[in-house]
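Shown next, in structure tokens, is the structure this report addresses.
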Amino acid sequence: MPHQLIICEKPSAAEKIATALAGGRARMRRVNGVPTWWLERGGREVVVASAIGHLYTVDQDVPGRGFPVFSVGWYPVPEVEKKRRRDLAWIGAISSLAKDADSFVSACDYDTEGSLIAYMLLKHACNGAEGRAMRMKFSTLTRGDLEAAYRGMAPRLDFEVAEAGKTRHELDWIFGINVSRALTDSLSSSGGLFEVLSAGRVQSPTLNLLYRRELAIKLHIPDPFWAISAEGEFRGKGFPVYYKEEKFEKRAGAEAVAERCNGTMGMVASAQLKELVIPPPFPFDLGTLQREAYRHFRLSPSRTQKVAESLYLDALISYPRTSSQKLPPSLGLDGILRRLGENPAYSDAVGGILRDGKAPRPREGVKSDPAPPAIHPSGKMPEGRQTREGRQVYDLIARRFLAAFGEPATRVRMEATIRCGEGDDFFAVGEVTKGEGWMSLYLFARMRETPVPEIRVGDGVLMRRVAVEDRFTPPPARLTPTKLLGMMERNNLGTKATRADIMDTLYRRGYIEGGYIEVTDLGMSVIRVLRKFFPELTRVDMTRDLGRDMELIRDGARSGGAVLGEAVGALKPIFERVIMNYDEIGEELSEVLAYLREKNRTLGQCPSCAGGSLVVIYSRRTGKRFVGCTNYSSGCRFSRPLPQRGKIKPTGKKCSACGLPVVEIKGRGRKPWRICIDDRCPSKK
Amino acid sequence: MTDVHRRSETKCPICGRASEGGLCKFHEEGAKRLAKHYEVWKARTAVSWRDYLESVSANELAGDWSRESACYLLEKEVRGQRAPTA
């Protein structure tokens with residue numbers, strides 16, 4: 001008997017969907033060794049099968065390692081990536097089930113990646129069923145949402161969304177493979193040491209933005225200036241005041257002010273109290289959630305995304321990969337709030353929001369997404385033990401959701417001018433909370449309370465301290481991962497789903513490091529070569545324009561083929577130029593990499609001889625590594641044994657006990673640790 | 001390991017990167033900016049070139065390359081060589 005075949009993105013989602021549609025009675029059966037779920041619905045058999053993410057991927061159409069390559073096709077992942085041979089079982093299961101199916105449904109996540117996964121499986125594994133498949137759309141994996149999505153499924157696939165995803169993957173592949181081959185092959189052909197170097201379509205402009213910032217930091221020269229630091233006193237209470245001029249270019253000017261005003265009585269020339277209304281925050285889109293999770297819990301953006309996806313698969317929250325800040329009424333917000341109120345942690349808050357069981361309209365932002373709404377709790381009570389990170393992110397989401405329904409908060413701001421003598425004006429500014437409003441619901445909101453005494457016009461204020469401070473102009477601040485996310489978003493680099501991964505890739509490739517991001521020597525070298533030989537690819541505008549084109553494809557206003565054709569047309573002359581400069585690129589990369597290799601193995605000055613450097617040496621005879629001196633051939637015999645496992649990195653620091661260099665050792669999956677190179681160092685006893 | 005062909009045979013005396021005689025591009029830029037910013041320092045503090053280099057090389061807000069260039073130029077000053085101009 002023919003059945004309906006429903007395709008999901010992940011096995012856990014497939015199980016949830018099957019259980020919901022079966023009213024709790026779905027049977028698990030293995031097909032081709034992979035789990036599938038079978039149920040009866042409305043008198044017919046329904047089978048819910050699953051992918052494990054993308055099972056089809058882009059690869060070149062022609063064999064060989066030619067460069068440049070622009071002709072691509074889509075192939076099963078196991079054919080392209082040998083490590084994923086086992087994924088054939090999942091494709092095989094869906095192919096086998098498709099033979100007896102008379103109806104097909106995509107129940108993958110409603111975004112470009114999910115739509116593309118389903119489209120490829122239906123087209124290739126289900127023998128061209130994409131033209132007659134239907135589409136379920138849901139934002140949470142709760143039974144109610146899934147039931148409603150099944151009953152109201154769209155009569156066709158979201159082809160435009162899938163095409164946008166397909167075009168993006170193809171462009172990323174064309175860009176990435178060609179730039180990687182240009183860098184790696186030119187390096188090999190120059191006789192240089194082999195190294196795999198790569199740069200992605202969005203990574204390159206992101207790295208370029210970081211590189212420009214790194215240059216500004218490393219080349220910063222602080223200029224001196226002077227400022228007034230002052231404190232006033234009114235009825236025995238001290239408070240900070242600020243001089244009208246923020247900086248002085250001559251110390252004498254600041255000193256003159258301090259001399260005139262220190263210890264004198266100033267008079268309040270103006271005083272204003274303003275009431276500020278702080279509206280509730282918008283509900284979370286992914287970027288804002290990642291920023292808040294970093295700010296409060298120091299969770300990296302990619303970690304926050306993974307935790308949120310896990311909460312979604314547990315049906316605790318809505319689909320997290322969204323740029324929307326909107327909560328449409330069709331979500332049944334009253335019901336979500338009522339269910340959330342059954343959780344003791346939120347019952348008081350919900351009680352304060354609902355009036356006769358009804359909630360007011362929440363505050364919404366301007367950002368919208370065609371598919372998922374803003375991230376919100378489903379109302380389902382968390383069951384069993386959650387991880388600490390899961391609890392933290394869930395609580396953040398739940399409280400932000402509640403706050404969107406809250407009352408505005410009010411703050412009182414006092415601004416006063418205190419005049420000393422003829423023209424030395426100081427300003428006092430203070431702000432305190434008057435009414436908490438939504439801030440009592442979103443406990444993570446922290447506003448500084450800076451009270452100032454209630455001074456009025458005509459009051460006397462003692463300038464109890466007016467002093468000169470030496471200051472220097474600071475360099476640009478290093479970015480944290482969330483600040484980098486914000487910068488990528490502002491420059492339209494990447495998508496909500498890909499930004500965290502792009503950042504992770506830059507870290508993994510060794511192009512950037514640290515919680516306060518620093519571009520490494522390797523990153524600087526790669527981007528300098530890209531800037532010199534492929535400057536167009538490092539600029540934000542090319543990637544940004546392509547990002548806009550993706551949105552137009554998704555809206556049906558442009559075709560993927562046309563966008564791809566234009567992009568290839570723009571890339572061809574760039575890569576042809578590379579071929580003409582192969583030797584120069586290779587030489588430049590060789591030089592840089594040789595310098596980096598030398599730098600990474602040089603630990604410091606030799607304590608035994610003048611002029612020698614201590615380096616890491618690998619013995620051909622024993623296969624072991626040790627520290628030796630570069631003056632060995634001139635007679636210096638300084639040496640020390642080294643641990644044989646883990647990657648060794650010089651730290652530039654000296655041991656406080658013996659003065660020899662300290663190195664950092666990083667083993668796979670372990671935290672790095674530092675040791676003095678001297679195995680006889682007193683610090684090791 | 002085979003030797004790598006180098007386009008230039010000179011190395012930056014500060015960091016060892018390849019250079020085309022003298023400092024590498026990064027430290028050369030650092031030295032240029034030092035000369036340029038000295039005009040600002042001189043106007044605001046009447047500091048000597050040597051004292052300026054000492055201040056920058058000890059200032060934590062100065063970038064790594066600027067500080068390294070300042071130390072290098074200071075050593076040259078101490079050895080009695082001429083300071084560069086902006």
Side-chain angles (χ1 to χ4, degrees), chain A residues 187 189-195 211 213-226 247-254 470-478 518 521 524-525 528 532 583-599 601-602 613 617-618 620 652, chain B residues 1-20 23-47 49 51-71 73-74 86:
Chain A
L187 178 61
S189 74
S190 77
L193 307 159
F194 179 75
E195 182 100 21
Y211 166 78
R213 194 174 197 96
E214 193 68 40
L215 280 187
I217 293 170
K218 284 200 152 58
L219 288 169
H220 179 72
I221 295 176
D223 291 326
F225 68 96
W226 293 267
K247 52 198 270 189
F248 293 81
E249 289 187 357
K250 295 269 191 191
R251 194 188 169 95
D470 294 334
R471 299 231 189 123
F472 294 92
T473 52
R478 289 196 179 281
E518 189 168 343
D521 278 337
M524 303 276 274
S525 306
R528 280 174 67 86
K532 187 171 176 183
D583 287 345
E584 204 183 334
I585 298 173
E587 278 177 18
E588 188 138 341
L589 283 173
S590 286
E591 240 170 46
V592 154
L593 289 172
Y595 160 76
L596 288 177
R597 280 206 162 93
E598 199 55 34
K599 186 180 170 201
R601 74 181 199 120
T602 303
S613 297
I617 297 174
Y618 288 80
R620 277 194 197 131
Chain B
M1 278 184 191
T2 55
D3 279 342
V4 172
H5 169 70
R6 299 251 162 85
R7 194 172 35 173
S8 61
E9 292 300 322
T10 56
K11 287 189 185 182
C12 173
I14 299 178
C15 65
R17 283 185 182 91
S19 71
E20 303 195 7
L23 300 175
C24 69
K25 286 174 201 149
F26 298 131
H27 287 107
E28 192 180 315
E29 181 62 28
K32 273 190 196 149
R33 290 190 188 203
L34 278 166
K36 188 176 161 196
H37 279 259
Y38 176 55
E39 299 305 313
V40 174
W41 279 64
K42 210 164 59 175
R44 294 184 188 183
T45 64
V47 69
W49 170 247
D51 286 346
Y52 162 67
L53 292 176
E54 273 184 12
S55 297
V56 172
S57 61
N59 194 313
E60 283 178 357
L61 293 177
D64 289 346
W65 296 337
S66 299
R67 257 186 290 149
E68 287 160 6
S69 299
C71 287
L73 292 173
L74 193 55

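The analysis underlying the following values was restricted to heavy atoms, covering all of them including side chains, and did not include hydrogens, waters or symmetry mates. Chain letters run A, B, ... following the sequence lines, proteins first and then strands; every chain starts at 1.
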Max heavy-atom pair count under 4.5 Å with chain A, selected residue of B:Cys15, B:Ser55, B:Ser69: B:Cys15

Mind checking the CD-NZ spacing from B:Glu29 to A:Lys218? Nearest 0.5 Å is all I need. 14.5 Å

Check each atom of B:Tyr52 against the heavy atoms of chain A and say whether the ones under 4.5 Å are side chain, backbone, both or neither. side chain

Rounded to the nearest 0.5 Å, the CG atom of A:Leu219 sits from the NE2 atom of B:His37 at a distance of 9.5 Å

Could you check which of B:Asn59, B:Val40, B:Val56 has the highest count of heavy-atom pairs closer than 4.5 Å to chain A? B:Asn59

Among the options B:Ala62, B:Gly63, B:Ala70, pick out the one with the most heavy-atom pairs lying under 4.5 Å from chain A. B:Gly63

When rounded to the nearest 0.5 Å, the distance separating CD1 of A:Ile221 from CG of B:Leu61 is 12.5 Å

Atom CZ of B:Arg17 and atom NZ of A:Lys599: how far apart are they, to the nearest 0.5 Å? 6.0 Å

A:Thr602, part contacting chain B, at a heavy-atom distance under 4.5 Å: neither

Taking side chain as C-beta onward, heavy atoms only, is B:Lys11 less than 4.5 Å from A:Tyr595? no

Nearest heavy atoms of B:Arg44 and A:Phe225, plus distance in Å: NH1-CB, 4.0 Å

